[in-house]
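Right, one structure below, let's go through it.
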Amino acid sequence: MPELPEVETIKKDLEEKVKGKRVKRVKIKNEKCIKAPSPVEFVKRIENKIFREIQRRGKFLIVKLDSLDALIIHLKLTGQLIYFPKEGEELNYTRLIFIFDDHTQLNFADLRGFGNIWLLPEGRLSTIPALADLGPEPLGDEFTVEKFKKLLKGRKGKIKPLLMDQSFIAGIGNVYSQEALFLAGIHPERNPSKLVDEEIEKLYNNLRKILREAISYRGSSVDTYVDLEGRKGNYEQHLNVYGRKGQSCPRCGAIIRRITISGRGTYFCPRCQR
DNA sequence: CAATCGTCCTGCGGGC
DNA sequence: TGCCCGCAGGACGATT
């Protein structure tokens, strides 16, 4: 389940491996992942174009071509981008293959098939609602603790689903929301508007810290996530609560609990997190 | 209006 | 032992 650190790792890998390369051919193995335009036009508008620039916004990857178009990729739960140094290789569940001029290739594979790809004119990226409504980048300079306090003010519901709300903050998913709350000692069901300044500061600092750390470890492979070379991330073993139901809390030794919040599994320490 | 629920999909784990 | 049901999850659309 790629979240911000995993998508950022893939973004850096793409910059290293395929940036500046010209697409010789696009092979479509399963056209369901292509949201726009039609498969025929998708191929026509990508072939012979250069992957000019790679960006990340939230969990979206944006590949700007040397035309007026950009390729937008969302991996959702099980999407993978895998680079092969030579043509002809293929993974299970491959949906798309980009073959470059130098005979290297990029596979888009997706076990569960929730991942999406769009090709849109650069000026029309906001026609993807989830991209247009994205909240601030949590690691961005403009995302200050004061801004975080303002955003939390008056919000209803529970803090954990709010952290996962992409229109609230971009890029946080089920794993890092829980980990940040653990480090901050905040119960995932707390009312966001009732967090005191000290708690907000702790959450802000730990959220940014864990995202930076996870990036430095090339992400966590809690599901099928792998990097461009098919390697797993190294941050999994540093996760404190995710998937650790019944194990003891690394901080206080209490038994980690699992509850469901908004239909999503949520792990926390009932003693440390209040 | 805002929060919650069902949906898509497939591998795998729990339970009998 | 082996099979099958149900769970898991990001984001959208429907519902309450």
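The chains referred to below are lettered A, B, ... by the order of the sequence lines, with proteins before strands, and numbering in each begins at 1.
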Practice prompt. Please work out if K32(A) contacts a base, only the sugar-phosphate, or nothing of the nucleic acid, heavy-atom cut-off 4.0 Å.
Written response: sugar-phosphate

Worksheet item: Expressed in angstrom and rounded to an integer, what is the separation of D165(A) atom CG from dA2(B) atom P?
Response: 12 Å

Item to complete: Write down the distance between NZ (K76(A)) and C1' (dG10(C)), rounded to a whole number of angstrom.
Response: 5 Å

Practice prompt. Indicate, with a heavy-atom threshold strictly under 4.0 Å, whether L111(A) touches base, sugar-phosphate, or nothing.
Written response: sugar-phosphate

Worksheet entry | Stepwise side-chain hydrogen bond (donor to acceptor under 3.5 Å, both in side chains) test for Y242(A) and E179(A) | CA-CA 7 Å; Y242(A) 185 84; E179(A) 294 297 321; over 6 Å; no

Worksheet item: Can you tell me how far P of dC12(C) sits from CZ of F60(A), to the nearest Å?
Response: 7 Å

Item to complete: Quickly work out the R258(A) CZ to dG9(C) C1' distance and round it to whole Å.
Response: 11 Å

Practice prompt. Quickly work out the D133(A) CG to dG13(C) C1' distance and round it to whole Å.
Written response: 14 Å

Worksheet item: Between R264(A) and P161(A), who's closer to the 5' end of DNA chain B by nearest nucleotide?
Response: P161(A)

Discussion item. Under a 3.5 Å threshold, yes or no: a donor from one side chain and an acceptor from the other, between E6(A) and Y235(A)?
Written reply: no

Worksheet entry | Aro-ring/base stack F114(A)-dC9(B), d under 5.5 Å, angle under 30° | no

Discussion item. Classify Y176(A) by what it touches in the nucleic acid, base, sugar-phosphate, or nothing, heavy-atom distance under 4.0 Å.
Written reply: nothing

Worksheet item: Without hydrogens or angle criteria, can the side chains of T104(A) and K17(A) be said to hold a donor-acceptor pair below 3.5 Å?
Response: no

Discussion item. With side-chain hydrogen bond (donor to acceptor under 3.5 Å, both in side chains) as the criterion, how do E201(A) and N205(A) come out once you've worked through the C-alpha distance, each side chain's angles and the decisive distance to 0.1 Å?
Written reply: CA-CA 6 Å; E201(A) 284 158 21; N205(A) 288 327; over 6 Å; no

Discussion item. OP1 or OP2 of dG10(C) versus the side-chain N and O atoms of H74(A): is any pair under 4.0 Å?
Written reply: no

Worksheet item: With sugar-phosphate meaning primed atoms plus P, OP1 and OP2, does G265(A) contact a base, only sugar-phosphate, or nothing at under 4.0 Å between heavy atoms?
Response: sugar-phosphate

Worksheet entry | Side chain of Y93(A) - closest among dA11(C), dT4(B), dT10(B) | dT10(B)

Discussion item. How about CZ on R258(A), more than 12 heavy atoms from neighbouring residues, nucleotides or ligands closer than 6.0 Å, or not?
Written reply: yes

Discussion item. Can you identify which nucleotide, out of dA8(C), dC12(C), dC9(B), has its nearest atom closest to the A130(A) side chain?
Written reply: dC12(C)

Item to complete: To the nearest Å, give me how far apart NZ (K160(A)) and C1' (dT4(B)) are.
Response: 14 Å

Worksheet item: Between atom CG in D110(A) and atom P in dA11(C), what is the gap in whole Å?
Response: 13 Å

Item to complete: Rounded off to whole Å, could you give me the NZ-to-P distance for the K245(A) and dG13(B) pair?
Response: 15 Å

